[in-house]
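Order of the sequence lines sets the chain letters (A, B, ...), proteins ahead of strands, with each chain counted from 1. Predicted model only: the values in this text are computed from it and were never measured.
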2 protein chains.
Amino acid sequence: MNGNLKTQSLSRLIEELARMPGVGDKTAERLALHLLRVPKEEALGLARAIEDVRANVRACSQCCNVSETDPCAICSDPGRDRSLLCVVEQPSDLWAIEKSGSFNGLYHVLMGRIAPVEGVGPEHLTVGKLMDRVNDGVREVILATNPTMEGDGTALHLEKRLEARGVTVTRIARGLPSGGSLPYASRAVVADAIAGRRELHGGRARP
Amino acid sequence: MNGNLKTQSLSRLIEELARMPGVGDKTAERLALHLLRVPKEEALGLARAIEDVRANVRACSQCCNVSETDPCAICSDPGRDRSLLCVVEQPSDLWAIEKSGSFNGLYHVLMGRIAPVEGVGPEHLTVGKLMDRVNDGVREVILATNPTMEGDGTALHLEKRLEARGVTVTRIARGLPSGGSLPYASRAVVADAIAGRRELHGGRARP
């Protein structure tokens, strides 16, 4: 009785939606019904946006970020400091840093992080390309992988390989988030804040 | 600097994804990057599934459920009891009842619920069609809208209009969920369980 209840097209749409990360069967059902309910143009707009992205967006041959041009807008910007390289896991990490307006160097997007449990090794990422980019023009490599187990592991792996190149390797700071408070912070965050404390000299923090 | 960072196609895909219910900007970013990363066929599979659904799926002219045939598989099934009509908000509610295997009548899908705050009145739902269907062949209408404020309000509205037709109108039971326990139930659930209690006769509950 339950077999062709949802109609073939609808079942397939629910299946396809449920392949996306964080989308369970119930959410997929809800999204599929939403796509059925909205004006046809809105639903087809999403379909076309997916097709366009797959047709037009590729990896920048320099930083490996997603881009419609090669090199990407950042790599081809003459105003950026080419001696600074910020290594991130994903394009969304790069977007977050760009949004903060706190960095004016170039990026390198790993397109993931080393995760032995999931079978992701450095050979599945753009690590080889990163090593090729680190030449004598690069003064500092900032490891901006996330402060998670995998992100830290990835940073450790890169640090070892990069130090042999004689380049300064730094890691983004960890501690209490700005606006946060000690009673609400997790033990790991508090431990980072204590371990990473800085001496104050004349009212100014110094590493 | 932030303007064309995400590329035109990618920004549009993120926007289109974020139009879906429960999908915020961050989730949309994550889904868009997922669709960029997976094999091209998987991403295009989703796009085609959306197009197919919009091309093939329509409303059953009898019960208003989504269907590729008209009448739908349930309405055209000669084995179903045509004197019983179960009114639900959404196709997903119908799917849940079919999955339980506890109902063998016909359905009527409202395609929403009355929600004055959102400006949704009975005229935006398939209420008119429901009234047309309730003829002398129908013995009982089960109101299976959800036990929420809007679902209850919708049931109340339908009850008033249906009772004038001389048809038996029932409401699905509410109380403690099977497998649940009183200490973990909300006050509203406990109140429903008490208010809806039934007298036991020879060990069997009777309304």
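Using modelled atom types, one finds a donor on one side chain and an acceptor on the other under 3.5 Å when comparing B/Glu140 with B/Thr170.
Side-chain contact between B/Val141 and B/Glu159 is absent, with no heavy atoms from C-beta onward closer than 4.5 Å.
The pair A/Arg58-A/Asp70 does not meet the salt-bridge criterion, since no charged nitrogen lies less than 4.0 angstrom from a carboxylate oxygen. At a threshold of 4.0 Å, the pair A/Arg174-A/Asp152 counts as salt-bridged, since one of the basic side-chain nitrogens sits closer than that to a carboxylate oxygen. The pair B/Glu98-B/Arg80 counts as a salt bridge, with a side-chain nitrogen and a carboxylate oxygen less than 4.0 angstrom apart.
Residues of residues 40-50 of chain A having a heavy atom under 4.5 Å from any heavy atom of chain B, listed by number: A/Lys40, A/Glu42, A/Ala43, A/Leu44, A/Gly45, A/Leu46, A/Ala47, A/Arg48, A/Ala49, A/Ile50.
Both the backbone and the side chain of A/Leu17 have a heavy atom closer than 4.5 Å to some heavy atom of chain B. Of the two parts of B/Arg37, the backbone and the side chain both hold a non-hydrogen atom closer than 4.5 Å to a non-hydrogen atom of chain A. Contact of A/Leu33 with chain B is made through the side chain alone, with heavy-atom distances under 4.5 Å. The parts of B/Leu35 that come within reach of chain A are both its backbone and its side chain, each placing non-hydrogen atoms under 4.5 angstrom from that chain.
When the candidates A/Val57, A/Ile14, A/Thr69 are compared by the number of heavy-atom contacts under 4.5 Å with chain B, A/Val57 comes out ahead. The residue among A/Asp52, A/Asp77, A/Val23, A/Thr27 with the most heavy atom pairs within less than 4.5 Å of chain B is A/Asp52. Residue with the most contacts toward chain B among A/Glu16, A/Arg30, A/Arg54: A/Arg54 (heavy-atom pairs, distance under 4.5 Å). Between chain B and the options A/Gln90, A/Met111, A/Lys26, A/Arg19, the largest number of non-hydrogen pairs under 4.5 Å is found for A/Arg19.
Taking both residues in full, the closest heavy atoms of A/Val138 and A/Arg82 are given as CG2-O, 4.1 Å, listed atom of the first, atom of the second, then distance. Closest approach of B/Val88 to B/Ala144, counting heavy atoms only: CG1-CB, 4.0 Å. Taking both residues in full, the closest heavy atoms of A/Tyr107 and A/Leu85 are given as O-CD1, 4.2 Å, listed atom of the first, atom of the second, then distance.
The number of heavy atoms from other shown groups lying within 6.0 Å of CG (A/Asp25) does not exceed 12.
For the atom pair B/Asn56 CG and B/Glu68 CD, the distance stands at 5.0 Å (nearest 0.5 Å).
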